[in-house]
Amino acid sequence: MRLSLTAAALLLATTAHAAEFTWAETTDPQTMDPHAVNSAAVLGFLNNVYEGLVRRGKDMSIEPALATAWEPIGAGEGWRFTLRQGVKFHDGADFTAEDVLFSYQRASSEEADTRSWFAPVSEVKVVDDFTVDIMTSAPNPIFPDSIANWMMVDSGWAEANNAARPDKDNGNHATLNTNGTGAFRVTAREPGLRTVLEPHADWWDEATHNITRAELTPIQNPATAVAALLSGDVDFINPVPIQDTERLKANPDINVIQGIEARVIMLGFPHEAPALKYSAETTDKNPFADVRVRQAVAHAVNVPAILQTIMRGNAAEVSQLVSPAMRGFSSDLAGRPAYDVEKARTLLAEAGYADGFSFGLKCPNDRYLNDEAVCQAVTGMLAQVGIKATLDAMPVQNYWPELRADNYDMYLLGWSPGTFDAEHPLRFLASTPNAEKKLGSWNFGGYSNARIDELLPMIQSEIDDTKRQAMLDETTKIMQEEVAYVPLYVQPLVWGTQANIEMTQRPDNFFILRWVSVN
């Protein structure tokens with residue numbers, strides 16, 4: 001399946017009249033700081049406010065944004081970016097190369113959750129006011145694709161407001177306030193209640209929307225969100241509950257936009273933990289450190305049943321950290337472990353856990369489609385083989401701190417590769433965590449394999465697609481054999497709008513407001 005086929009509901013026309021627009025999502029952006037939290041909920045929203053050197057179009061292809069052109073330097077030493085002139089931040093300040101240098105220093109700092117994005121970068125040089133050289137430690141042909149979500153912050157504004165570095169734990173001025181160059185500026189921010197945006201009058205690009213004011217309201221309860229859509233209180237909801245899809249499709253006043261997201265939903269393990277944290281009886285060891293236990297989990301989870309009953313046939317099972325639509329997917333390793341309760345029990349017995357054990361499963365309840373329901377199903381399936389989970393489901397705002405504090409025995413994670421390339425999850429989820437090298441920042445369980453660490457920089461620099469794919473195949477095989485994670489399925493995309501709304505749905509689940517038309 002080509003990426004161009006996964007983008008749905010392309011904008012058909014624009015209208016002359018102006019309009020207000022309201023929408024609801026289950027997850028409120030955790031912060032307004034584009035470098036503080038590397039999550040789709042934050043980055044997707046802030047793509048309407050901040051901009052990068054490049055951006056993704058409706059078909060996910062890379063196109064110019066704050067850079068008008070880019071070209072490799074020498075024999076792979078780096079990339080030269082020519083910046084767009086005449087760009088204004090929302091406060092009227094000029095965008096220049098100094099802001100690019102500052103945004104690199106900020107986004108790659110120890111305090112930034114985006115730090116891993118810059119692992120290949122050795123230096124950023126300001127050539128002149130509108131030319132920047134980004135040097136890499138090795139040839140990196142996919143680098144421009146990798147920075148589509150690296151957003152530029154005004155150096156003067158950040159420094160004047162004591163926000164020169166992000167602070168995702170305690171917050172600072174950039175947590176609640178914004179100053180981007182994007183099509184919309186934030187005019188009101190009440191976390192958990194509402195966020196208001198208005199068009200940026202001095203935006204450099206041509207506006208294709210007709211929005212005069214937009215307001216995001218987080219609605220965690222799916223039934224409440226559907227009721228708000230049906231009553232006309234909101235123009236758009238994301239997501240539509242799977243169980244309500246057919247009912248909404250039958251309503252002539254509602255449009256349902258369906259597609260497949262790039263996001264893989266998986267189970268993660270505490271690989272380096274010496275012992276379980278939430279077990280009633282297994283308190284002095286970590287069963288998940290044994291690959292046979294992880295294999296048992298993979299065989300015990302009935303993914304086809306989850307897809308049929310919870311996802312109503314709207315998702316596809318997956319065996320890797322990327323979907324078949326992504327560059328670098330290993331076609332020869334597409335099969336996932338079969339659902340086999342007896343094999344799972346045999347593996348547990350071989351590992352010394354014939355009677356099973358108890359543990360704690362952490363899960364968000366407002367981040368992924370039907371996330372808590374999926375975790376409840378997994379809990380029941382694991383219980384059938386003697387692995388008894390105590391499920392702790394919580395809002396995503398509380399969830400990420402729990403994972404970063406290692407407060408789990410197993411967890412649910414979704415990952416959408418920002419580059420649409422298999423290198424991306426390797427860098428974030430499978431590399432041995434290394435703050436100095438800016439690697440493994442979302443590898444909560446501390447999974448580590450020396451060969452994967454060795455292959456990653458080779459994958460990043462290899463230009464020959466055949467050689468590169470062979471290395472990606474090797475990493476996929478290693479992770480499958482070691483059960484680094486248990487990939488479950490590729491998440492579906494289901495959006496609901498009023499019938500008079502036209503918009504674009506991209507497979508990264510980013511809602512781009514500048515493509516909205518209210519008819």
Side-chain angles (χ1 to χ4, degrees), residues 19-52 88-93 99 103 106-107 111-114 149-203 209 211-221 224-225 228 233-238 366-367 395-401 509-514 516:
E20 295 192 357
F21 177 81
T22 57
W23 86 100
E25 300 199 18
T26 54
T27 303
D28 192 46
Q30 188 175 340
T31 177
M32 294 288 100
D33 191 324
H35 306 146
V37 177
N38 177 21
S39 77
V42 171
L43 299 177
F45 176 85
L46 290 180
N47 258 261
N48 296 299
V49 179
Y50 287 95
E51 294 176 301
K88 298 286 187 181
F89 283 97
H90 294 162
D91 67 354
D99 297 307
S103 296
R106 191 178 193 275
E111 300 90 342
D113 201 28
T114 54
N149 292 321
W150 171 35
M151 303 177 205
M152 299 297 116
V153 171
D154 176 24
S155 56
W157 173 82
E159 290 169 346
N161 289 288
N162 298 315
R165 293 291 182 268
D167 188 342
K168 63 176 175 286
D169 297 321
N170 302 310
N172 58 29
H173 187 77
T175 305
L176 294 175
N177 301 276
T178 65
N179 186 33
T181 62
F184 291 86
R185 59 189 181 91
V186 174
T187 58
R189 169 66 175 163
E190 299 177 55
L193 296 176
R194 67 176 190 134
T195 306
V196 179
L197 304 99
E198 295 179 5
H200 174 27
D202 292 326
W203 189 42
H209 65 85
I211 305 300
T212 56
R213 181 183 182 276
E215 182 170 327
L216 166 64
T217 302
I219 301 179
Q220 184 176 342
N221 185 289
T224 304
D233 288 340
V234 297
D235 297 305
F236 164 53
I237 63 171
N238 177 23
D366 63 352
R367 176 63 192 94
V396 72
Q397 189 167 355
N398 302 327
Y399 188 63
W400 299 137
N509 200 22
F510 281 16
F511 169 58
I512 306 300
L513 190 56
R514 69 177 187 271
V516 172

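Numbering starts at 1 and runs along the sequence shown.
H90 approaches T181 most closely through the heavy-atom pair NE2-C, 3.8 Å. Closest heavy-atom contact between S103 and V153: OG-N, 2.8 Å. Between Y50 and G180 the shortest heavy-atom distance is CD2-CA, 3.5 Å. Closest approach of D99 to F89, counting heavy atoms only: OD2-CE1, 3.5 Å. Closest approach of G192 to D28, counting heavy atoms only: N-OD2, 2.8 Å. When every heavy atom of A40 is checked against every heavy atom of R367, the shortest pair comes out as CB-NH2, 3.2 Å.
In this structure, the side chains of W23 and L216 come closer than 4.5 Å at one or more pairs of heavy atoms. Between N47 and M151, the closest side-chain pair of non-hydrogen atoms falls below 4.5 Å. You'll find the side chain of L513 reaches within 4.5 Å of the side chain of F21, heavy atoms only. Inter-residue side-chain proximity for W203 and R514 is flagged as met; some heavy-atom pair is nearer than 4.5 Å. Residues N38 and L43 form a side-chain contact, since some pair of their non-hydrogen atoms from C-beta on lies under 4.5 Å apart. You'll find the side chain of K168 stays beyond 4.5 Å of the side chain of W400, heavy atoms only. Between F45 and E25 the shortest side-chain heavy-atom distance does not fall below 4.5 Å. Using a 4.5 Å heavy-atom threshold, the side chains of L46 and M32 count as touching.
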With a cut-off of 3.5 Å and sequence neighbours excluded, list every side-chain donor-acceptor pair involving residues 195-202.
{"unit_1": "T195", "atom_1": "OG1", "unit_2": "R189", "atom_2": "NH1", "d": "2.7"}
{"unit_1": "E198", "atom_1": "OE1", "unit_2": "R185", "atom_2": "NH2", "d": "3.4"}
{"unit_1": "H200", "atom_1": "NE2", "unit_2": "K88", "atom_2": "O", "d": "3.1"}

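With T212 contributing its side chain and A19 its backbone, the two residues share a donor-acceptor pair below 3.5 Å. Judged purely by atom type and a 3.5 angstrom limit, T26 uses its side chain to pair as donor or acceptor with the backbone of D366. Side-chain atoms of R106 come within 3.5 Å of backbone atoms of A163 as a donor-acceptor pair (strictly under, hydrogens ignored). In this structure a side-chain-to-backbone donor-acceptor pair under 3.5 Å is missing from D33 to T175.
Taken to the nearest 0.5 Å, the CG atom of N161 stands 9.5 Å off from the CG atom of D154. For the atom pair OG1 (T217) and CD1 (I237), the distance works out to 12.5 Å, reported to the nearest 0.5 Å. Taken from CG in N177 to CG in N172, the straight-line distance is 9.5 Å, to the nearest 0.5 Å. Interatomic distance, H35 NE2 to R165 CZ, rounded to the nearest 0.5 Å: 10.5 Å.
Checked by atom type, the side-chain pair D91/N179 shows a donor-acceptor distance below 3.5 Å.
For W157, the ring-ring contact (aromatic ring centres under 6.0 Å, His included) partners are H173, not counting sequence neighbours.
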Item to check | Audit row: F236, V516, side-chain contact (heavy atoms from CB on, under 4.5 Å) steps and yes/no | outcome: CA-CA 11 Å; F236 164 53; V516 172; over 6 Å; no
